[in-house]
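Here is how names work: the chains are called A, B, and so on, in the same order as the sequence lines, proteins then strands, and each is numbered from 1. Just so it is clear, the structure is predicted and the values come from calculations on it, not from any experiment.
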Number of protein chains: 2
Amino acid sequence: MKLREFAKQLGLSPTTVSRALSGYPEVSEVTRARVAEEAVRLGYRPNVNAVRLKTGRAGAIGVVMGRAGEFHFAEFMAGMAERLVAEDTDILVIPMADPDHNDEMQLYRRLVESQRVDAIIVHSPRPNDERIALLHKLGMPFLVHGRSDIDVPHAWLDIDNEGAVRRATSHLIDLGHTRIAMINGRPGATYALHRDKGYREALQSRGIELDPQLIASGNFTDELGFRFARSLLEQANPPTAIVAGSMMTALGVYRAVRSLGLQVGREVSVVAHDDVFPYLTADNMAPSLSATRSSMRAAGTRCADLVLQLVSGRSPLEIHELWPVELILRESTAPVQR
Amino acid sequence: MKLREFAKQLGLSPTTVSRALSGYPEVSEVTRARVAEEAVRLGYRPNVNAVRLKTGRAGAIGVVMGRAGEFHFAEFMAGMAERLVAEDTDILVIPMADPDHNDEMQLYRRLVESQRVDAIIVHSPRPNDERIALLHKLGMPFLVHGRSDIDVPHAWLDIDNEGAVRRATSHLIDLGHTRIAMINGRPGATYALHRDKGYREALQSRGIELDPQLIASGNFTDELGFRFARSLLEQANPPTAIVAGSMMTALGVYRAVRSLGLQVGREVSVVAHDDVFPYLTADNMAPSLSATRSSMRAAGTRCADLVLQLVSGRSPLEIHELWPVELILRESTAPVQR
DNA sequence: TTTTCCAACCAAATCGTTTTCAAATTTGAA
DNA sequence: TTCAAATTTGAAAACGATTTGGTTGGAAAA
């Protein structure tokens, strides 16, 4: 059913019908009500593509998805979905071929030019992230999930990674640990730098010298956790505590500890960051895992919310949210054994 | 840059330019080459919304995402992305508010009517799935990831869940196990029925009577695995083997076994289904996990491929793929102890 | 009564392409 | 050289909405 026909059936002009449905004021209440009612009854819905062509609005938010397929991703999107379901906005997932730099910039540029999205969410930003510069230059509204030091105004939402790791590390120090290992994410992303900083500061403020051997970084896989923990624990002067970065690496660390006949929460303390997954909870691990916690899903919901505000004109300069991270102590952290 | 201007710069008509770019035959090679080259140089790209309005194509494939935010989802999408990156097609994720039945049907109906997608992928179908009937009725191309018994022609791709579980269970029986527990997915979906069938058939063909107490079902969480395994193993006549359904439940099962001072691969054998995640591999578990394996990512890639074929006119009746599942034996399955 | 104003409605232009139909040009055979 | 056929090109009409810039009729003001 097209606007033309629908209007004819109502004995009105397309103009009036369009106005009635879009909530413009210059149409009488009684007419508006009738139009709305009949639209439902006759099943008229404006053709999205026509609306988009005319208004220039895309009705979608873009998210670029890397090849990695991180498990956080689904949770974040589920969170976004929670907020967007009420709006008439959907999520456009744009596949990214290679993490090749030029390709990536090209992808963003084309995405913007194609006018398929009203705004973009940028994930895992780097301290000096050219994507941000580009999007700013092109005038596309965007929200950064994470942070960047780049000297370009932009909206962002991030969690306090630095504080989280500092707290976690400090807590371990309070328990008497001095050899504390740290598993970080892939170098390059700002969050990895922040975590590194939190870790270093905690050590420094308590006068503990940093041992570079105790730091690893890479994708947050179970395997990374296992390999690194295992190799450290087999060494002469093993760490007594490990900051494990993510739930998956924590699983690997647990496994490594057990494989050497040791126990988490006794010979080795472990803290990780928990993004709060419905299918794998820190509380249920054995022993239960002490963790810094921040819901990925909630972040998704809030990001969607902020993006909508951005699209409807709010200044990016006003949008900066730093979420505190809670540290939840469970059985995996205990006083150092002597 | 609009088509109008661009054509003018080239001294050609919009018609010719459009044809040159869309690869129509009635344009000379030399002109086509010049147009293509200049398009790149001057940065002309057709406005997607105009193209869509005119052609009626949306350039996107729809995927409805439930609130659950399953961890499979990201892998499947990453797989789709792998195939779609070459095409000019993207993935539209449509958030679903409640799993309320009426809402769900309404959502699909509106999605179709809105013409935002060229095709839809339906996940976790039920034996008699109304979504399939609806999409068929509305004439929207769609591919079912999984299977349905519904009497409506439709394209599908599924893995052989029945065969996988039958093989896994038979293998356990071969090893001398007779009390074999089974953790299944949420009842309702066809794949859960298939798995149930495979399990029952394996038992029956070897003359083992089924004990309903040994069957559980629910979301594939770590917690379900733990709770169920633990409660069974504490009982008087505990199972000696468990078919664990997914990697996450397998984690829970492992934990339960350990928590009782038992060992996987000795007192209790475990098999699970592995969707092949980059961050958590069966091979790396301790002991390594025997698993039926089928790559979720590969399924996503293939589904994207098939959907593209569907969109370009191939009959749904020709598209039925049943993927075999391999059973990979590792340390978690061993002869029953007596 | 006449003028002014306002609420309510509408015709037609527009968004940026694709595609139909027709015209112009080139080619090749006679 | 000529003319029909084949090849290239273009003008203009869609696609289905929104929106600008009017009308219209009746109530309020003069």
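Ion pairing of B:R57 with B:D118 is absent here, as no side-chain N (NZ or NE/NH1/NH2) approaches a carboxylate O to less than 4.0 Å. Taking a cutoff of 4.0 Å between a charged side-chain nitrogen and a carboxylate oxygen, A:K2 and A:E5 do not qualify as a salt bridge. Residues A:E318 and A:R314 are paired through a salt bridge, judged by an N-O separation under 4.0 Å between the basic side chain and the carboxylate.
Backbone-only engagement by A:S28 is indicated by non-hydrogen atom pairs under 4.0 Å involving sugar-phosphate atoms exclusively. Here A:R19 lies in heavy-atom contact (under 4.0 Å) with a base. Using a 4.0 Å heavy-atom cutoff across all strands shown, A:R45 reaches sugar-phosphate atoms only and no base atom. Among the protein residues, A:Y44 comes within range of the sugar-phosphate backbone only, with heavy atoms under 4.0 Å from sugar or phosphate atoms but none that close to a base. Contact annotation for B:T55: backbone-only contact, meaning every heavy-atom pair under 4.0 Å involves sugar-phosphate atoms and none involves a base.
The separation between A:E26 atom CD and D:dG21 atom P is 13 Å, rounded to whole Å. Protein atom CZ of B:R4 is 12 Å distant from nucleotide atom C1' of D:dG10, rounded to whole Å. In this structure, the CG atom of A:N49 is 13 Å from the P atom of C:dT18, given to the nearest Å. Regarding B:Y24, its OH atom lies at a distance of 17 Å from the P atom of D:dG10, rounded to whole Å. Between the CZ atom of B:R57 and the P atom of C:dG16 there is a distance of 22 Å, given to the nearest Å. What separates NZ of A:K8 from C1' of C:dC10 is a distance of 14 Å, to the nearest Å. Per the geometry, NZ belonging to B:K2 stands 15 Å off P belonging to C:dT18, to the nearest Å. Remark: C1' of C:dT26 and CD of B:E29 are 17 Å apart, rounded to the nearest angstrom.
Distance from the side chain of B:N47 is smallest to C:dT17 among C:dT17, D:dT18, D:dG16. Of the candidate nucleotides C:dT18, D:dT18, C:dG16, C:dT18 has the atom lying nearest to any side-chain atom of B:V51. Here the side chain of B:S13 is nearest to one of D:dG10, D:dA17, D:dT20, namely D:dG10. Side-chain atoms of A:T31 lie closest to C:dC9 of the nucleotides C:dT17, C:dC9, D:dT18.
The distance between the ring centers of A:F142 and A:H136 does not fall below 6.0 angstrom.
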- Message: Could you walk me through whether B:Y24 and B:S18 satisfy the side chain to side chain contact (heavy atoms under 4.5 Å, CB included) test, starting with their C-alpha distance in whole Å, then the side-chain angles of each, then the deciding distance to 0.1 Å, before giving a yes or no?
- Response: CA-CA 9 Å; B:Y24 276 65; B:S18 171; over 6 Å; no
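With hydrogens and angles ignored, a donor-acceptor pair under 3.5 angstrom links the side chain of A:T15 to the base of D:dT19.
In this structure, B:K54 and B:T16 both approach DNA chain D, and ranking their closest nucleotides by distance from the 5' end singles out B:T16.
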